[in-house]
Amino acid sequence: MSNLEQTLSIIKPDAVERNLDDEIKEIFKSKDFIILKEKKIQIEKSEAEKFYKVHETKPFYNDLCTYLSSGPIVVMVLEKENAVLANRKLMGATNPKDAEDGTIRKKYGISIDKNSVHGSDSVENAKIEIDFFFKD
Ligand code: CMP
C-alpha cells in the first residue's frame with residue numbers, strides 16, 4: 001500500500017559553509033525524494049530554541065541552538081514513500097562516527113554537533129517542523 005509522506009530536512013551551517021548544499025540536494029533527488037519546498041535562511045537563536053524545544057533539558061541544548069543559528073541553513077520539505085524513515089536511514093546515525101557507509105553524516109559530518117543534516121524523527125514531528133518553517 002502506498003504511504004507517501006513528507007518530512008523536514010535541514011542542511012546545517014557546517015555543510016552550507018562548505019558549499020555542500022547542492023551536492024546534498026542531489027543525493028536526496030538521486031534517492032527519489034522530491035524537494036517540494038526549499039529556502040536558504042539564517043535564523044535567530046530564539047527561533048532555534050523554539051525549533052529544538054524538545055531538547056531544552058539536555059546539556060547540549062544551548063550550544064545546539066547557538067550552532068543552528070550561527071550561519072545560513074537550507075530547509076526543505078522532502079516527499080517520498082515512507083519519507084521520515086527513509087530520510088533517517090539516508091542521514092545515518094546522529095554521531096557521524098557511528099554512521100554507516102553511504103550515509104550523508106558518514107560522508108560529510110564533522111562531529112555530533114556539526115553533523116551536516118537534521119531530519120524529522122516521526123510523522124507527527126515532521127508536520128510540526130514543516131509548519132514551523134513553511135506555515136504561510
Ligand atoms: P539533530 O538530528 O539535529 O537533533 C538534535 C541535535 O543535537 C542532533 O542532531 C545533534 O547534532 C545535536 N547533539 C549534540 N549532542 C548530542 C547528544 N549527546 N545526543 C544527541 N544529539 C546531540
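Start at 1 and go down the list; that is how both ligands and their atoms are numbered.
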**Study point:** Mutual orientation of the aromatic rings belonging to F60 and H55 [parallel < 30°, tilted 30-60°, perpendicular > 60°]
**Key:** tilted
Exercise for review: Quick one: sort the F133 and F51 rings into parallel, tilted or perpendicular, breaks at 30° and 60°.
Suggested key: tilted
Point to revise | Structural part of H55 in contact with ligand 1, heavy atom criterion under 4.0 angstrom | key: side chain
Check your understanding: Taking only heavy atoms of R105, which atoms of ligand 1 are found under 4.0 Å from at least one of them?
Key -> 2 (O)
Exercise for review: Indicate whether the side chain of S120 and that of N125 have a donor and an acceptor atom separated by less than 3.5 Å.
Suggested key: no
Practice item. Answer yes if the side chains of K80 and N3 hold a donor-acceptor pair under 3.5 Å, and no otherwise. Key: no
Review point. Linking Ile, Leu, Val, Met, Phe, Trp and Tyr through side-chain heavy atoms less than 4.5 Å apart, which residues share a cluster with I35?
Key: I11, V16, L20, I24, I27, F28, F33, V74, M76, L78, L90, M91, I104, Y108, V117
Review point. Do P72 and Q42 have side-chain heavy atoms sitting under 4.5 Å apart?
Key: yes
Check your understanding: Is there a side-chain contact between K89 and E100, using heavy atoms and a 4.5 Å cut-off?
Key -> no
Protein contact to [atom] [nearest heavy atom, distance to 0.1 Å]:
atom                    : answer
atom 1 (P) of ligand 1  : H118 ND1, 3.4 Å
atom 6 (C) of ligand 1  : L64 CD1, 3.5 Å
atom 10 (C) of ligand 1 : I112 O, 3.1 Å
atom 17 (C) of ligand 1 : F60 CE2, 3.4 Å
atom 8 (C) of ligand 1  : T94 CG2, 3.8 Å
atom 14 (C) of ligand 1 : D113 OD1, 3.3 Å

Review point. Would you say K12 contacts ligand 1, with heavy atoms under 4.0 Å as the rule?
Key: yes
Review point. Applying a strict 4.0 Å limit to heavy atoms, is Y67 in contact with ligand 1?
Key: no
Review point. Do any N/O atoms on Y52 end up under 3.5 angstrom from N/O atoms on ligand 1?
Key: yes
Check your understanding: Taking it one step at a time, do E38 and K25 satisfy salt bridge (Lys or Arg N to Asp or Glu O under 4.0 Å)?
Key -> CA-CA 10 Å; E38 63 170 289; K25 281 194 270 182; 2.7 Å; yes
